[in-house]
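Every chain is numbered from 1 and lettered A, B, ... according to where its sequence line falls, protein lines coming before strand lines.
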Protein chains: 2
Amino acid sequence: MNNPCGQHQHPHRLIQQPLDELTDRLRRHSRRVTGPRQAILDVLRRHQTPMSNRDIHAALGQGCDLATVYRNLHTLEGVGLVRRFDLGDGAARFELVTPEDDGHHHHLVCTRCSLVVEIDDCFPPEFEQSLAQRHRFARISHRLEFFGVCSRCEAGESRPGPVEA
Amino acid sequence: MNNPCGQHQHPHRLIQQPLDELTDRLRRHSRRVTGPRQAILDVLRRHQTPMSNRDIHAALGQGCDLATVYRNLHTLEGVGLVRRFDLGDGAARFELVTPEDDGHHHHLVCTRCSLVVEIDDCFPPEFEQSLAQRHRFARISHRLEFFGVCSRCEAGESRPGPVEA
DNA sequence: CGGTTCTTGCAACCCGTTTGCAATCATGTG
DNA sequence: CACATGATTGCAAACGGGTTGCAAGAACCG
Ligand SMILES: [Mn+2]
Ligand SMILES: [Mn+2]
Ligand SMILES: [Zn+2]
Ligand SMILES: [Zn+2]
């Protein structure tokens, strides 16, 4: 409905960035292109919803140590290749970010089956700006996630594990 | 600016509920009025911003075990005396809730000094409703928190501990 | 007042995440 | 293309918020 916070001319999630482009970005930030890093990026580029460290580690199938996954996602976040999300359960999630897009967007999470729907909409930026002015805050940003029960779960077919409200 | 999600006729945070009223609410939910519970409620009623378990435990000054604080906040949340918030650092925060108000609101957090400003504004409910319809989700709700740098921190006087972005 | 049931304190434990350390590897330099 | 060197990895131990089993200690009811 609204323009997603100013950015988002295109649905970034449909794009699948080539792996070489990603590793190039790594090099440009003087980070080494290692096996684990390529593997992690490759896992991420073929997923459209945010993945946890554990998810990624599992998808890697014994490809590298869990600690390495944690360290690398931290690094990737630092270099801006990846964006961190907090969907309310205790675990951080990550999504690849395109160079032209800062990746700001939101999610709609099913509290029963943990299904995640990508949301591009956002409230108008004036809202946030007015808050910033009113309270004299600088460099303001926000974090917004939606929760509910997806149609399948509402219909009764509970399946996997739940999430908090 | 906007009507805060439909509720919030009054700035609930300015009210300081009498302790007896709170313990009465406990009894009405057939929960025992114990020392630790009164102490916790008393700490909460004289604070306007959300407190973590650790905060409360500290404010209690060795009044009761930390595990008891955790258990009681869980209980208090369950009976609707308290509302849980997630300000992005790993720790849950709690605020007292008035009987007429469900406590839904948001916060503006300084990423440098952790100052928390209470925010009553919210985007119009139609926004959320349209999302629910579009994705066929039921019982939809949201979690929204703002982050930025408060004027004091922006001016240079960094003081206590920071928070994530 | 006495019994029943709820609560508490304590210590052990869970889970996501971080970290120290020695071994290994990616890179640029010659 | 071989090397030196600092970045990166694997492993295991440590962390921090939070939970839990258990026996002792209250609330509350009659
Ligand atoms: Mn997403
Ligand atoms: Mn608040
Ligand atoms: Zn679902
Ligand atoms: Zn500040």
*May I ask you to decide if the ring planes of B:H104 and B:H142 are parallel, tilted or perpendicular, using 30° and 60° as cut-offs?*
perpendicular

*When we call it a touch if two heavy atoms are under 4.0 Å apart, what does A:R71 touch: a base, just sugar-phosphate, or nothing?*
base

*Would you tell me if any nitrogen or oxygen in the side chain of B:Y70 comes within less than 4.0 Å of OP1 or OP2 on D:dT19?*
no

*asked:* If hydrophobic clusters are built by linking Ile, Leu, Val, Met, Phe, Trp and Tyr wherever their side-chain heavy atoms come under 4.5 Å apart, do A:V69 and A:L19 end up in the same one?
replied: yes

_From CG of A:D89 over to C1' of D:dG18, roughly how many Å is that when rounded to an integer?_
14 Å

*Whole Å only: how far is the CD atom of A:Q62 from the P atom of D:dT9?*
15 Å

*Overall bend - the helix from C:dC1-D:dG30 to C:dG30-D:dC1, comparing terminal axes fitted on five pairs, nearest 10 degrees*: 30°

*Could you tell me whether A:D86 and B:R143 have a side-chain N and a carboxylate O separated by less than 4.0 Å?*
no

_B:E118 and B:H106 side chains, donor-acceptor separation under 3.5 Å_ = no

_Geometric class of the A:F85/A:H107 ring pair [parallel <30°, tilted 30-60°, perpendicular >60°]_ = perpendicular

*Kindly indicate whether the side chain of B:R84 and the base of D:dG17 share any N or O donor-acceptor pair separated by less than 3.5 Å?*
no

*Heavy-atom check, side chain of A:L96 versus side chain of A:L22, under 4.5 Å*: yes

*What is the distance, rounded to the nearest whole Å, between atom CZ of A:R32 and atom P of D:dG6?*
10 Å

*Quick one: label A:A91 by what it contacts on the DNA or RNA (base, sugar-phosphate, nothing), any heavy atom closer than 4.0 Å.*
sugar-phosphate

*Could you work out which one of D:dG18, D:dC11, D:dT9 sits closest to the side chain of A:T68?*
D:dT9

*Measure the distance from CG on A:L66 to P on D:dA13 and round it to the nearest whole Å.*
16 Å

*asked:* If the threshold is 4.0 Å, N to carboxylate O, is there a salt bridge linking A:E154 and B:R139?
replied: yes

*Does a side-chain heavy-atom distance below 4.5 Å link A:H47 with A:E95?*
no

*Flag the pair A:F147 / A:L108 as yes when at least one side-chain heavy-atom distance between them is below 4.5 Å, and no otherwise.*
no

*Find the distance B:L73:CG to D:dG17:C1' and express it as a whole number of Å.*
14 Å

*For chain A, the stretch of DNA chain C it reaches, first to last nucleotide, under 4.0 Å of its heavy atoms*: C:dG16 to C:dT27

*Name all residues meeting the side chain to side chain contact (heavy atoms under 4.5 Å, CB included) criterion together with A:A59; count only those two or more places apart in sequence or in a different chain, and write none if there are none.*
A:V43, A:M51

*Minimum-distance nucleotide to A:N72 side chain [options: D:dT9, D:dG21, D:dC28]*: D:dT9

*If each of B:G35 and A:P36 is mapped to the nucleotide of DNA chain D with the nearest heavy atom, which maps nearer the 5' terminus, i.e. the 5' end?*
A:P36

*Separation of atom CZ in B:R37 from atom P in D:dA26, rounded to whole Å*: 15 Å

*Nearest-nucleotide 5' precedence on DNA chain D, B:R54 against B:R31*: B:R54

*Give a yes/no answer on whether the side chain of B:S52 brings an N or O atom under 4.0 Å of OP1 or OP2 in D:dG17.*
no

*asked:* Rounding to an integer number of Å, can you tell me how far A:D65 CG sits from D:dA12 C1'?
replied: 10 Å

